[in-house]
Amino acid sequence: MSGGCSTLLSQGLLGSSRQCMAQEASSVVADSITIIDNRTGNQLEIPIERGGIAASEWQKLLPGVWFYDPGLTATAVCDSSITYLDGDNGILRYRGYPIEQLAEHSTYLEVAYLLLHGELPTAAQFDTWRHEVTYHTYIHENVRKRFLEGFHYDAHPMGMLVSAVAALSTFYLDAKQIFDPESRRKQIIRLIAKMPTLAAAAHRFSVGMPFVYPDNSLDFCSNFLSMMWKVAEPRFDANPVLARALDILFILHADHEQNCSTTAMRVVGSSHADPYSACAAACAALYGPRHGGANEAVIRMLTEIGSVERVPDFIRSVKEGTGGRLQGFGHRVYKSYDPRAKIIKRTADEVFAITGKNPLLDIALKLEEIALSDEYFTSRKLYPNVDFYSGLIYQAMGFPLEMFPVLFAIPRTAGWLAHWQELLDQDSKIVRPRQLYSGPEARDYVPIDRR
Ligand SMILES: CC(C)(COP(=O)(O)OP(=O)(O)OC[C@H]1O[C@@H](n2cnc3c(N)ncnc32)[C@H](O)[C@@H]1OP(=O)(O)O)[C@@H](O)C(=O)NCCC(=O)NCCS
């Protein structure tokens, strides 16, 4: 089976329940399925490889018959070696490394290297990588003065980020050379390095504070916190526990295979747009409340519940369908506890030891306790996801709610770029799906005075 956009999983339609085990890739045909077209009696044996059926095989039997799969819930749109996710068993690995080990021992910058290069760096490789990312943190003065400062005073920082990332493509014209390895490398470093600068600049502008230049003597997260919070002191030294907590959150958010924003990145990248334009599309996808906005929704929900005593009533209203969904619960892929949520819960304790406990924590813990023992939630396999606790941490660290999707975009840039690079290396086809047409039959134009 060839990789790329032509590979379609058809588990739902064809009744196979196999998992796509990308990390156990093998070219051996493991299994097959026989399909009979009852209209003609034609039959075809189609190989199933790594849980997938190639669309090219399917089309041999039924040319012009399309899978109807609007949310791409049963369709593998690519063949990727970056992230492995087993939602039934709560497993997440980057390039084969368990997320738990990376969160405990690694740093975001090292994880970004791993995602982009496929291997952990040697000490020398990491030094070069860190140096390059550190020295590309500055943004062109015109990005700030002419562009960012042109926004309305109460602009949403995520809206500013989406636009600023797209605007970078007009500052780095060499970015169009997407098949030149040196140009590609340079844009990747620029994007990873400049995201925190743009993010902090968007926040400072939206609250009327002056821009803070990057401090290249600081590590990635401490530098970001300095650009966020520095006032008049000559140097801002972030609390190391908070900087490390942010680093862990960045590791957990660095990639999550074919989520909505990564798919947007791959779709736009497949047209051979430059990486800034593709990244802006990915940021835009992340802006939506169903994706990057879920942890904000959790905070709003907890605030609305208001006290531990009101939790049972709220759970009842969710079950009766009058209270909306339990935000931060459930996941399209994870059908057991989200492994990232477990790590985040530990990180939350460390952060609260410094910042003081977020008063909403007790409500969250009660919600979790009741939901995990309630048949409504357990029978639907609804468990806390990464967003259930991440918002509480960000809020305790002083980030306003509007910054939550921005905080997600900073680390996810590494994942987006890893997928962008991979699809270019695979020489993937342009993404161009089919549709089922349900509009009117052909009809003649009626002049306006006769309608
Ligand atoms: C993440 C999410 C969109 C996944 O949705 P999905 O895989 O399409 O699942 P469905 O919408 O098909 O839901 C399946 C069932 O569980 C219920 N359900 C799903 N998530 C629920 C939640 N958070 N609270 C209450 N019920 C929920 C649905 O009502 C549905 O019940 P039904 O079978 O009786 O109709 C969904 O779980 C959700 O909205 N969660 C809250 C938002 C959130 O935390 N998003 C962040 C994801 S990282």
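Atoms within a ligand are numbered from 1 in the order they appear, just like the ligands themselves.
Protein heavy atoms come within 4.0 Å of atom 39 (O) of ligand 1. When distances from atom 32 (P) of ligand 1 to the protein are checked, a heavy atom turns up under 4.0 Å. Put simply, atom 35 (O) of ligand 1 has no protein non-hydrogen atoms near it, under 4.0 Å away. For atom 14 (C) of ligand 1, the nearest protein heavy atom is 4.0 Å or more away.
Among all protein heavy atoms, the one lying closest to atom 26 (N) of ligand 1 is Y376 OH, 3.3 Å. The protein heavy-atom contact nearest to atom 2 (C) of ligand 1 is R325 NH1, 4.2 Å. In this structure, the protein non-hydrogen atom closest to atom 47 (C) of ligand 1 is N385 ND2, 3.6 Å. Looking from atom 6 (P) of ligand 1 to the surrounding protein, the closest heavy atom is R332 NE, 3.8 Å. Here the heavy atom of the protein found nearest to atom 17 (C) of ligand 1 is R380 CD, 3.8 Å. Nearest non-hydrogen protein atom to atom 45 (N) of ligand 1 is A294 CB, 3.5 Å. Here the heavy atom of the protein found nearest to atom 23 (N) of ligand 1 is L326 O, 2.8 Å. In terms of protein heavy-atom proximity, atom 18 (N) of ligand 1 is nearest to L382 CD1, 3.6 Å.
Taking the six-membered ring where the residue is Trp, F220 and Y108 present tilted rings, their angle falling between 30° and 60°. By the 30° and 60° cut-offs, the orientation of the rings of H253 relative to Y394 is tilted. Between Y334 and H331, the angle of the ring planes lies from 30° to 60°, which puts this pair in the tilted group. Ring geometry for Y287 versus H156: interplanar angle of 30 to 60°, hence tilted.
In this structure, D255 has no salt bridge (Lys or Arg N to Asp or Glu O under 4.0 Å) partners at least two apart in sequence or on a different chain. By the salt bridge (Lys or Arg N to Asp or Glu O under 4.0 Å) test, K230 pairs with no residue at all, sequence neighbours left out.
Each of the following atoms of ligand 1 lies closer than 4.0 Å to a heavy atom of Q327: 41 (C), 42 (C). Heavy-atom contacts of K335 reach the following atoms of ligand 1: 7 (O) (cutoff under 4.0 Å). Within ligand 1, the atoms closer than 4.0 Å to a non-hydrogen atom of D387 are 46 (C), 48 (S), numbered from 1 in the order shown. Residue G328 has at least one heavy-atom neighbour below 4.0 Å for each of these atoms of ligand 1: 43 (C), 44 (O).
Considering backbone and side-chain N/O atoms, R340 never comes within less than 3.5 Å of an N/O atom of ligand 1. Taking any N or O of V318, backbone or side chain, none lies under 3.5 Å from an N or O belonging to ligand 1.
In this structure, F404 has its ring center no closer than 6.0 Å to that of F399. For an aromatic pair to be called close, the ring centres must be under 6.0 Å apart, and Y276 with Y172 satisfies this.
In summary, of the residues considered (R340, K335, K342), a salt bridge (charged side-chain N to carboxylate O under 4.0 Å, His left out) with D338 occurs for R340 alone.
Residues D69 and T73 have side chains that bring a donor and an acceptor to within less than 3.5 angstrom of each other. With no hydrogens or angles considered, a side-chain donor-acceptor pair links S80 and E422 at under 3.5 Å.
Atom CE in M301 sits 9.5 Å away from atom CG in L360 (nearest 0.5 Å).
Counting heavy atoms under 4.0 Å from ligand 1, residue F388 does not touch it at all.
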